[in-house]
Amino acid sequence: MDEYIISGPMRNSMTRRYEPKAIEQAWQVVWEKDKAFKAVKASGAGKRYVLEMFPYPSGRIHMGHVRNYSIGDVIARFLMMKGKNVLHPMGWDSFGLPAENAAIQHGTHPAAWTHENIANMRKQLRRMGFSYDWDREVATCMPDYYRWNQWIFLKLHEKGLAYKKRSSVNWCPDCATVLANEQVEDGLCWRCSSTVEMKVLEQWFLKITAYADELLDFTYKLPGWPERVLVMQRNWIGKSEGAEVFFPVDGSEEKIRIFTTRPDTICGVTFMSMAPEHPLLEKISSKDRIDEVRRFAEKVKAEKKLRGAEPAEKEGVFTGAYCVNPLTGAKAPVFAANFVLMEYGTGAVMAVPAHDQRDFEFAKAYGLPVNAVINPHGEILDVKTMTAAFAGEGVMTNSGQFDNMKNTEAMSAITTHIAQKGFGAKTVNYKLRDWGISRQRYWGCPIPIIYCDSCAAVPVPLDELPVILPEDVKLTGKGLSPLAEAGAFINVKCPKCGKPARRETDTMDTFVDSSWYFLRYTSPKAESVPFEKTDADSWMPVDQYIGGIEHAVMHLLYARFFTKALRDLGLHPHDEPFTNLLTQGMVCKEIVKCPEHGYLLPEENAGGKCVYCLKPVETGAVEKMSKSKKNIIDPDLIIEKYGADTTRLFSLFAAPPERDLDWNEEGVEGSYRFLSRVWRLVDDNIELLSGARAYDPARDEPLDGALKEMHRATHKTIKKVTEDVGENFHFNTAISAIMELVNALYQFSQKDDAQGLSPLRGRQVFKEAVNAVVLMLAPFAPHISEELWKMLGSREPVYRTKWPEFNEASLVKAETLIVVQINGKVRSRLTLAVDTPEDAVRRAVLNDEKSAEWIKGKNILKFVYVPNKIVNMVVS
RNA sequence: GCCCGAGUGGCGGAACUUGGUAGACGCACGGGACUUAAAAUCCCGAGAGGGCAACCUCGUGCCGGUUCAAAUCCGGCCUCGGGCACCA
């Protein structure tokens, strides 16, 4: 065998190369066979529910998934090793539009396409070695899941929290279908580029506004959420307190209802602005103005569509009507104005140009009067010279009995006055709208309602659930929703009167599916309830939720709403679903472009040249990986080349979780190199390691010299990694700490004298450190850890092994480095015994040659000593 | 416009929670060892400028402040990224 000695230090014929593929597959089989990650509630240990946002089964996982799930897996595996009862499930958000599009394009059935994708992605996730309890897998497109969507919908309907109303939707006349907001690009249909119209349709809504206050209040009770997500949710809910006031229309019985947050400015009203589509305009506009008002409304409607988000110039038309200020009796002209939104408040705004910038601009454009009612403290506003509205605080003026009050006090005084006089009342307004869940789509959860000519909208009886989505439908992408053409599905008998009736053909928004899946995971097989109360009670809330920031508002708000609504249905006792939220950054990569062939995939770039025309490529900005920019890396290719452990390790090492991560393959190689280095550390020293047990500071005699230092470094690293992983998710620094320890072990392993591996004690210290490295690596790179752990002679797999503990006494140093500053600049470094008293430190500094240079001939003004750390001597 | 977040070597990032050696760890780079050679591996070097050297000066977006001491705290500004955007 000797002729097969492999070159390199300390290699011998027993050496095994690090071959991730074989190891990883083998351990995945073991974990699966052992049901290693099955969540079982055992008494005594605390529960931890770790959850990553489940994926849409698009067909293949992408780097965003890899990152998201690697983060979750580190947390889950760490907690398992810490002895917690961990629930770590995975499933599929498997209803949605891409399945229908694929069906239309490729002639497959959405169900077949989806199931194939799930099978494929499940395989990919298993290849990554994530610690999921696969027995709890759910797929929202399966009847055993979506029947409970329907059940919950009916329960909400019973409570009046699901209702139907007319509302406008995006409508593509060419495709004859409704489009979601995100499918409208610059006012055009994303598929056929026709101009999208607004169409009024009957839609089902969920009354999320009933929970607006609670959803808002709890944003102040979620310390484990990133502040920016909470801020976004608060903005979205958009609560504002103010007053509702009625302005009678002069010469009419009609009253204009307005909402204002500034009742203090009511005496400064000089005109009224109303949304162009406000229904009252038809009634109050004068005969000679009505046509112009209508034309204006049409024009604004058309412009809104075209422009999308950009704000327009302020425009309006006079309606010919006047309203009467209920407080002052003054008359003010009524305008239809393009900046007033029908959707918010009451669709009508009292205009106070002196104290509102929009009203000010409008007044200037149309030559309307400006009337100041608040003076800034110590100043008097001059409406003739004002160039902008004054929106600050001040003292009331021109407001009759309220003059000389502070405007902040006048707000409530005037509101009270208005209420007493019956002109209006204090009110609260929200930007949050009820959630329209009707989708004219096939691949979604059918809404369990039957329409009967005699009984109207009748809920499907609970015992007839689920309403199964029929499989035999034509998918053309044209005409009506596929369900509307599925006769066998539509035609039913009315559950109430038995007469022929029709089923609802709309399906639910897929956000409904994802609003409670975390509850279903607690008892995924429950057959008579959406989830068992006892299971939800004990596993919920999710302790750590991890996902992309793109869900900051929609999904996370809907999930919070459902949690509260289901609580109020008595299904579980929790107020909030997710105690801690981690929003991970995007995975980005440099864009590569060929002057002739446009964006290039990484594999189309051969050493800086386009593979098609050999022209030099241009490299652009680092941007989020996307198919359209072609800056994507297929996780499978990376796993194939380097293994899952390397893929995981790199995605955790290259950046902290919240920050964007730039993908670069050299970095991946670095991670691979590190794992190989750990492998060799064990493999090259396997005989030494098998011949020794680990040093145990609790039982064994104390160490000194290099052995003590090695031992101390081990425990220092355990402390650092435990904190970084367990407390603040600083995975990148945790990994770098392990790297440092490995570097130190390489140094140590090369010392074969009494200060190294020569004495048995040295080998025991070495083994203690190597054991710690392997265990600490386990959450990041679990396969190699298992393999090395076995090589180190353990009979128990890592997943059943406890996380290493650090020993406080082992951290204690005999000597410490004192940095010496003179006038704030580092001039010397002294190594002194720990806890050397201050006067001894002072003497040491004065005796120190380097320091003395700088002190010589000067007066010592001050001596600052931070124990065991630093000295700063101020001299002059 | 408003609200967040971030600016540190050639690059990703560390130190910011708790003011105390700025640049850990990794990548890229340079040097050495091993090799017939290469790869791999192991070791060493490296913020910038100056000096033969010991060392010195400067240095965390900019300006100022607090402090014995500031990347870190405070005030003002600049740039980039994100979110909201006529919300009455």
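The structure displayed is predicted, hence computed values, not measured ones. Residue numbering restarts at 1 for every chain, and letters A, B, ... go by the order of the sequence lines.
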* To do: May I ask you to check if A:Arg680 and A:Tyr746 form a cation-pi contact, with NZ or CZ under 6.0 angstrom from the six-membered ring centre and within 45° of the axis?
  => no

* What is the nucleic acid contact for A:Asp359, judged by heavy atoms within less than 4.0 Å: base, sugar-phosphate only, or nothing? -> nothing

* Asked: Under 4.0 Å between a side-chain N/O of A:Arg659 and OP1 or OP2 of B:G82, yes or no?
  -> no

* Expressed in whole Å, how much space separates the C1' atoms belonging to B:U67 and B:C80? -> 32 Å

* To do: Could you measure between the two C1' atoms, the one in B:A15 and the one in B:A24, and give it in whole Å?
  => 8 Å

* Using Watson-Crick or G-U wobble geometry with both distances below 3.5 Å, tell me the partner of B:C25, or none. => B:G12

* Which part of the nucleic acid, if any, lies within contact of A:Leu817, taking any heavy atom under 4.0 Å across all strands shown: a base, the sugar-phosphate backbone alone, or nothing? -> base

* **P spacing across the pair B:A39 / B:A28, given as an integer number of angstrom** => 13 Å

* Asked: What interatomic distance, in whole Å, is found between P of B:G7 and the corresponding atom of B:A14?
  -> 9 Å

* To do: Report the base-pairing partner of B:C58 (Watson-Crick or G-U wobble, both distances below 3.5 angstrom), or none.
  => B:G47

* Should we count NZ of A:Lys426 as having more than 12 external heavy atoms under 6.0 Å? -> no

* Asked: More than 12 foreign heavy atoms under 6.0 Å from CD of A:Glu393: is that the case here?
  -> no

* Please state how far atom CZ in A:Arg234 lies from atom P in B:G83, giving the value in whole angstrom units. => 19 Å

* Asked: What do you reckon, is CD of A:Glu849 surrounded by more than 12 foreign heavy atoms closer than 6.0 Å?
  -> no

* A:Val864, nearest nucleotide to its side chain (from B:A24, B:U21, B:C68) -> B:C68

* Span that lies between the C1' atom of B:G12 and that of B:G65, in whole angstrom -> 34 Å

* Report the nucleotide, chosen from B:U21, B:A88, B:C56, that has the shortest atom-to-atom distance to any side-chain atom of A:Ser240. => B:A88

* **Complementary nucleotide for B:G1 - Watson-Crick or wobble, under 3.5 Å** => B:C84

* Quick one: which of B:A88, B:C42, B:C68 gets closest to the side chain of A:Arg680? -> B:C42

* With the side chain of A:Pro656 defined as its heavy atoms from C-beta on, choose the nearest nucleotide among B:C68, B:G13, B:C56. => B:G13

* **Base partner of B:A53, which must satisfy Watson-Crick or wobble distances under 3.5 Å** => none

* Using a heavy-atom cut-off of under 4.0 Å over every strand shown, decide if A:Lys869 touches base, sugar-phosphate, or nothing. => sugar-phosphate

* **B:G7 - base-pair partner by Watson-Crick or wobble geometry, distances under 3.5 Å** => B:C78

* Where the side chain of A:Lys314 is defined as all heavy atoms beyond and including C-beta, which of B:U21, B:C86, B:G12 is the nearest nucleotide? -> B:C86

* Measure the distance from CG on A:Leu557 to P on B:C84 and round it to the nearest whole Å. => 14 Å

* To do: Report the base-pairing partner of B:U18 (Watson-Crick or G-U wobble, both distances below 3.5 angstrom), or none.
  => none

* Asked: Any idea which of B:C27, B:C25, B:G12 is nearest the A:Glu666 side chain?
  -> B:C27

* Structure fact -> Out of B:A88, B:C55, B:C25, minimum distance to the side chain of A:Phe259 belongs to B:A88

* To do: Identify whether any heavy atom of A:Val352 sits under 4.0 Å from a base atom; if not, whether one sits that close to sugar-phosphate; answer base, sugar-phosphate or nothing.
  => nothing

* Where the side chain of A:Arg228 is concerned, which of B:C44, B:G82, B:A88 is the nearest nucleotide? -> B:G82

* Please say whether more than 12 non-hydrogen atoms of neighbouring residues, nucleotides or ligands are located less than 6.0 Å from NZ in A:Lys751. => yes

* **Selected nucleotide, minimal atom distance to A:Arg677 side chain, candidates B:U21, B:C43, B:A24** => B:C43

* **P atoms of B:G59 and B:C4, separation to the nearest Å** => 32 Å

* How is A:Gly670 classified with respect to the nucleic acid when contacts are heavy atoms under 4.0 Å: base, sugar-phosphate, or nothing? -> sugar-phosphate

* **A:Arg677 atom CZ, neighbour heavy-atom count above 12 within 6.0 Å** => yes

* Nearest-neighbour nucleotide for the A:Val231 side chain, B:G12, B:C3, B:A88 considered -> B:C3

* Asked: How far, in whole Å, is B:U21 from B:A71 if one measures between their P atoms?
  -> 10 Å

